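Here is the structure we will look at.
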Amino acid sequence: MKERSGNTCKKAVSYLCKLAGVSRSGYNEWLKAAPTRKLREEQDDLDIKLIKNILLSKKEKAGTLQIKMVMENDHSAVMNHKKTDG
């Protein structure tokens, strides 16, 4: 009975992948990458908090270059300019 329900699940996943226009292997890779995506989102949240704190400490008059310099010099945080442009 378990094999049958497992087979039904595989068919359902295959059907949904086909419906969404994605490959089964692509779906499996997406599932496998979930922990990495979660870690990246958590790091992004921390980066945003750091940038907001820097802006508040500069009375919201800091530009991208100044934010980048404060992050690198005071917090040892190196980020792409796209993250500090906002």
Side-chain angles (χ1 to χ4, degrees):
M1 181 118 167
K2 284 187 179 183
E3 279 187 43
R4 191 167 191 193
S5 66
N7 192 24
T8 304
C9 286
K10 286 181 183 180
K11 286 183 180 180
V13 170
S14 294
Y15 171 75
L16 291 172
C17 286
K18 185 176 180 179
L19 189 66
V22 298
S23 67
R24 180 76 192 256
S25 62
Y27 169 73
N28 288 331
E29 286 296 317
W30 178 81
L31 277 180
K32 194 167 80 173
T36 305
R37 280 194 309 275
K38 185 174 187 214
L39 288 174
R40 190 178 315 126
E41 286 177 11
E42 290 170 355
Q43 185 60 50
D44 286 347
D45 289 342
L46 291 173
D47 293 344
I48 289 169
K49 287 179 185 176
L50 177 60
I51 292 168
K52 284 183 179 180
N53 286 338
I54 292 170
L55 272 173
L56 289 174
S57 73
K58 300 291 182 183
K59 298 184 174 114
E60 297 184 10
K61 295 186 183 216
T64 304
L65 183 59
Q66 189 173 8
I67 292 171
K68 181 180 181 335
M69 290 172 62
V70 169
M71 288 172 55
E72 288 177 2
N73 296 331
D74 297 348
H75 302 281
S76 300
V78 179
M79 288 180 212
N80 189 312
H81 71 282
K82 295 175 195 171
K83 198 177 262 191
T84 58
D85 275 354

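Residues: numbered from 1 along the sequence shown. Treat the numbers as computed from the prediction; the structure is a model and nothing was measured.
- Here the CE atom belonging to Met79 is positioned 10.0 Å from the CD atom belonging to Glu72, to the nearest 0.5 angstrom.
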Exercise. Which is it for Thr8 and Lys11 under the side-chain contact (heavy atoms from CB on, under 4.5 Å) test, yes or no, and what are the steps along the way?
Worked result: CA-CA 5 Å; Thr8 304; Lys11 286 183 180 180; 5.7 Å; no
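- Heavy atoms from other residues, nucleotides or ligands lying under 6.0 Å from CE of Met69 number 12 at most.
- The distance from the CG atom of Asn53 to the CD1 atom of Ile48 is 12.0 Å, given to the nearest 0.5 Å.
- Nearest heavy atoms, Cys17 versus Ser23: SG-O, 4.2 Å.
- If you run side chain to side chain contact (heavy atoms under 4.5 Å, CB included) between Leu55 and each of Leu50, Ile67, Val70, only Ile67 comes through.
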For this session: Go through the steps to decide whether Arg37 and Glu41 satisfy the test salt bridge (charged side-chain N to carboxylate O under 4.0 Å, His left out), and finish with yes or no.
Result: CA-CA 6 Å; Arg37 280 194 309 275; Glu41 286 177 11; 5.7 Å; no
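- For the pair Arg24 and Val13, the minimum side-chain heavy-atom distance is below 4.5 Å.
- Between Ile54 and Ile51, every side-chain heavy-atom pair lies at or beyond the 4.5 Å cut-off.
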